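Here the structure is a predicted model, which is why all the values come from computation and not from measurement.
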Amino acid sequence: MQANKITDASPEPVLRREDRNSTNWIANIRLPDGSEIPCTVKDVSKSGAKLGVPAYHPLPETFLLRIIGRDFVCMVKLAWRRGDYVGVRIERVGKVAPKVQPERPKDIAPHLATKPFDPPRDADEPGGIGVRPRRSGLSAF
């Protein structure tokens, strides 16, 4: 077991099951209606975290927490709230689905290079297309 730690609100020591690691991660709280609240993760352990979120944002009992730049999302449960800080218990952890890259159109240049080059036919030639070719002289400009 870890040594006792003192919390912000009470002078009594609090016994913790796991070590807390200090962080300063940027995160988003995703509410059930789909809206998001930006926050910071101040510390984290295997079972919980301390979040910095302005006190004027109401929070439900459970919500999703997505750490920016990481490939996971957590379903968390509100444990406590003191001013601009919130304690949460991590209920579940899941991976964020990778972004789907739109499929690029296949490059047609290699196919063009393999076909033989047909010079345009002159309008006067048999089988011509009826349009005279441009003159290939120097321009006056």
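In the hydrophobic clustering (ILVMFWY side chains linked at under 4.5 Å, chained through shared members), V88 is joined by W25, I29, L31, I37, V41, V44, L51, V53, L59, F63, L65, I67, F72, V76, L78, V86, I90, V93. Connectivity analysis of hydrophobic side chains (ILVMFWY, heavy atoms under 4.5 Å, direct or indirect) links I26 to I68.
Among all heavy-atom pairs drawn from W80 and Y85, the shortest one is CZ3-O, 3.7 Å. Taking all atoms of both residues into account, the shortest heavy-atom contact from E61 to K77 is OE2-CE, 3.0 Å.
Looking at heavy atoms from C-beta onward, N24 lies in side-chain contact with K42 at the 4.5 angstrom threshold. Within the 4.5 Å cutoff, no side-chain heavy atoms of R66 are placed close to those of R30.
A salt bridge does not link D43 to K50: none of the charged nitrogens lies less than 4.0 Å from a carboxylate oxygen.
Interatomic distance, C74 SG to R89 CZ, rounded to the nearest 0.5 Å: 14.5 Å. Atom SG of residue C39 and atom CG of residue N28 lie 7.0 Å apart, to the nearest 0.5 angstrom.
Listed for the D84 side chain is a donor-acceptor partner under 3.5 Å among the backbone atoms of A55.
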